[in-house]
Amino acid sequence: MLETCSTVIALSDDATEITSAHALTALLLGSMASAGGEHDSL
């Protein structure tokens, strides 16, 4: 999922898509951090 977000951020010209991808990336990273390293289950 993070790879998909990175692709959208890199290739999109749509500011709304880029903003959404940044927000989703932050949410995913926060979730992984709060899982205490148990992010393989995501």
Side-chain angles (χ1 to χ4, degrees):
M1 186 61 128
L2 291 174
E3 186 175 312
T4 302
C5 290
S6 297
T7 301
V8 169
I9 293 167
L11 299 178
S12 181
D13 291 331
D14 185 334
T16 303
E17 285 182 353
I18 294 169
T19 301
S20 295
H22 275 286
L24 181 55
T25 299
L27 180 67
L28 290 170
L29 291 174
S31 176
M32 289 171 21
S34 69
E38 297 178 19
H39 60 271
D40 294 332
S41 62
L42 288 179

For this session: Could you list all the side-chain hydrogen bond (donor to acceptor under 3.5 Å, both in side chains) pairs where at least one residue sits in residues 7-19, not counting sequence neighbours?
Result: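 Pairs touching residues 7-19 that pass the test: Ser12-Glu17.
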
Exercise. Linking I/L/V/M/F/W/Y whenever any side-chain heavy atoms sit under 4.5 Å apart, do Leu27 and Met1 land together?
Worked result: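 Same cluster.
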
Exercise. Ser6: what forms a side-chain hydrogen bond (donor to acceptor under 3.5 Å, both in side chains) with it, not counting sequence neighbours?
Worked result: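 Partners of Ser6 by the side-chain hydrogen bond (donor to acceptor under 3.5 Å, both in side chains) criterion come out as none, since no residue qualifies.
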
Problem set entry | Set of residues satisfying side chain to side chain contact (heavy atoms under 4.5 Å, CB included) with respect to Leu29, sequence neighbours excluded |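 Scan of Leu29 (side chain to side chain contact (heavy atoms under 4.5 Å, CB included), adjacent residues dropped) gives Leu2, Thr25, Met32.
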
